[in-house]
Amino acid sequence: MNKLLVITLLLTTIATFGQKEENLLLVADSTWGKEVIHLPFGFAPEIDFEGYEDIRFAKGWGNIESSEFWSYVFVWNINLQEKPNAKFFQDNLKLYFDGLMKAVNKEREKVIPETQVSVVFKGIIKGIPTFTGKVITHDSFRTKKLITLQVSVESFYCKKTKKYMPLFRFSPQPFEHQIWKKLHNVKLKENYCQNK
């Protein structure tokens with residue numbers, strides 16, 4: 001388990017839970033850190049959904065010197081029944097990062113700058129609506145400075161449950177960097193629609 005995330009969970013009273021391995025949605029090799037968090041989030045209750053976030057962290061996620069720094073993937077298995085658009089992702093990522101960075105911040109006198117998010121619809125790729133964008137947020141975990149994350153989002157739809165499952169990938173590296181190949185190797189399970 002990622003040590004930084006454990007600290008974050010304690011500081012923000014995020015509830016993790018013992019999700020059965022077969023209920024996890026993401027598939028990655030054993031080098032990736034793994035965590036599951038309940039929604040609604042303790043740090044961002046304005047994201048008003050129920051379900052869970054399944055997360056995978058690249059091995060170098062917490063290492064400032066690594067090309068994998070801040071590179072991770074998560075999917076929301078939530079009661080999202082309305083087709084999400086670029087504005088949905090912009091609004092909810094802003095809430096997510098604003099809440100998370102304020103909760104993690106230990107510099108009590110510091111005013112954390114608001115997160116800026118821009119997301120655009122890229123197109124339908126292999127039948128999946130895909131979005132790309134940028135998140136400029138305060139890195140309260142490591143650098144204590146602003147960090148710019150590239151973001152890629154795929155919006156999967158499960159006909160069985162009639163809900164959407166957004167899959168997010170993040171890295172400060174440009175999309176041409178080799179880390180993105182690793183990020184795209186983290187995928188949804190083939191039977192993701194079977195998960196409740």
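Computed from a predicted structure; not experimentally measured.
Residue Gln90 holds its CD atom at 12.5 Å from OG1 of Thr115, rounded to the nearest 0.5 Å. With rounding to the nearest 0.5 Å, the separation of CG in Leu24 from CG in Asn77 is 10.5 Å. Atom CG in Leu100 sits 8.0 Å away from atom OG1 in Thr137 (nearest 0.5 Å). Rounding to the nearest 0.5 Å gives a distance of 10.5 Å between CZ of Phe131 and CD1 of Ile125. With rounding to the nearest 0.5 angstrom, the CD1 atom of Ile112 is 3.5 Å from the CG atom of Asn105. The line from CH2 of Trp76 to CG of Asn79 is 11.5 Å long, rounded to the nearest 0.5 Å.
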task: Begin from the C-alpha positions of Ser67 and Ile179 and carry the test side chain to side chain contact (heavy atoms under 4.5 Å, CB included) through to its verdict.
output: CA-CA 7 Å; Ser67 63; Ile179 187 59; 5.6 Å; no
Ring pair (Phe, Tyr, Trp, His ring centres under 6.0 Å) evaluation trace for Trp61 with Phe141: CA-CA 11 Å; Trp61 180 88; Phe141 288 92; 5.3 Å; yes
- request: Test side-chain hydrogen bond (donor to acceptor under 3.5 Å, both in side chains) on Lys110 and His138 and set out the steps.
  value: CA-CA 11 Å; Lys110 186 168 188 174; His138 184 264; 2.9 Å; yes
Working for side chain to side chain contact (heavy atoms under 4.5 Å, CB included), residues Leu183 and Asn185: CA-CA 5 Å; Leu183 289 166; Asn185 282 337; over 6 Å; no
field: Criterion side chain to side chain contact (heavy atoms under 4.5 Å, CB included) on Leu39 and Glu53, from CA distance to verdict
entry: CA-CA 7 Å; Leu39 274 84; Glu53 178 183 79; 4.0 Å; yes
- request: Test Thr132 against Val151 for side chain to side chain contact (heavy atoms under 4.5 Å, CB included), laying out the working first.
  value: CA-CA 6 Å; Thr132 58; Val151 58; over 6 Å; no
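Residues Leu188 and Val27 fail the side-chain proximity criterion, which asks for heavy atoms closer than 4.5 Å. Side-chain contact between Pro166 and Ser155: absent, with no pair of heavy atoms (C-beta onward) separated by less than 4.5 Å. Residues Trp32 and Val186 are in side-chain contact: their nearest non-hydrogen atoms beyond the backbone lie under 4.5 Å apart. Proximity of Met165 to Leu80: side-chain heavy atoms (C-beta onward) are nowhere separated by under 4.5 Å. Looking at heavy atoms from C-beta onward, Leu26 lies in side-chain contact with Leu167 at the 4.5 angstrom threshold. Contact check for Pro84 versus Phe89: side-chain heavy atoms found under the 4.5 Å cut-off. Taking 4.5 Å as the limit, every side-chain heavy atom of Ser152 sits out of range of all side-chain heavy atoms of Lys122.
Residue pairs satisfying the disulfide bond (SG atoms under 2.5 Å apart) criterion with at least one member in residues 38-157, sequence neighbours excluded, are absent. Annotation: salt bridge (Lys or Arg N to Asp or Glu O under 4.0 Å) contacts involving residues 144-155, sequence neighbours excluded, comprise Glu154-Arg169.
Within 6.0 Å of CG on Asp48 lie no more than 12 heavy atoms contributed by other residues, nucleotides or ligands. Atom CD of Glu190 sits in a sparse spot, with 12 or fewer heavy atoms from other residues, nucleotides or ligands closer than 6.0 Å. With a 6.0 Å radius and a threshold of 12 heavy atoms from other residues, nucleotides or ligands, Lys94 has its NZ atom above the threshold. For Gln178, the CD atom is densely surrounded, since the number of other residues' heavy atoms within 6.0 Å is greater than 12. Atom CD of Glu46 sits in a crowded spot, with more than 12 heavy atoms from other residues, nucleotides or ligands closer than 6.0 Å.
In this structure, Arg56 contributes its side chain and Gly33 its backbone to no donor-acceptor pair below 3.5 Å. When atom types are taken as modelled, the side chain of Ser118 and the backbone of Gln116 share no donor-acceptor pair closer than 3.5 angstrom. Formation of a donor-acceptor pair under 3.5 Å by the Trp70 side chain with backbone atoms of Thr148 is not found in this model. For the pair Ser140 (side chain) and Met101 (backbone), a donor-acceptor distance under 3.5 Å is present. Not one N or O on the side chain of Asp54 forms a donor-acceptor pair closer than 3.5 Å with the backbone of Val75. Not a single donor-acceptor pair under 3.5 Å links the side chain of Lys134 to the backbone N or O of Gln150.
Ser71 and Pro172 get closest at one heavy-atom pair: OG-CD, 4.2 Å. Of all heavy-atom pairs spanning Ile128 and Thr130, the tightest one is O-OG1, 3.0 Å. When every heavy atom of Gly62 is checked against every heavy atom of Arg142, the shortest pair comes out as O-NE, 2.8 Å. Scanning all heavy atoms of the two residues, the minimum distance from Pro113 to Leu146 falls at CG-CD2, 4.0 Å.
For the ring pair (Phe, Tyr, Trp, His ring centres under 6.0 Å) test, no residue two or more places apart in sequence or in another chain qualifies with Phe69. Residues forming a ring pair (Phe, Tyr, Trp, His ring centres under 6.0 Å) with Tyr96 (at least two apart in sequence, or on another chain): Phe41, Phe43, Phe74. Residues that satisfy the ring pair (Phe, Tyr, Trp, His ring centres under 6.0 Å) test with Tyr164, not counting sequence neighbours, are Tyr157. For Thr143, the side chain to side chain donor-acceptor pair (under 3.5 Å) partners at least two apart in sequence or on another chain are Asp139.
By the rule that hydrophobic residues join a cluster once side-chain heavy atoms approach within less than 4.5 Å of another member, Ile78 and Ile47 end up as members of one cluster. Side-chain heavy atoms closer than 4.5 Å link hydrophobic residues (I, L, V, M, F, W, Y) into clusters, and following such links, possibly through other members, connects Phe88 to Val119.
Taking 4.0 Å as the cut-off between side-chain N and carboxylate O, Lys87 and Asp91 count as a salt-bridged pair.
In this pair, Phe175 and Trp180 present their aromatic rings tilted. The plane angle is within the 30 to 60° band.
The ring of Phe97 has its center closer than 6.0 angstrom to the ring center of Phe170.
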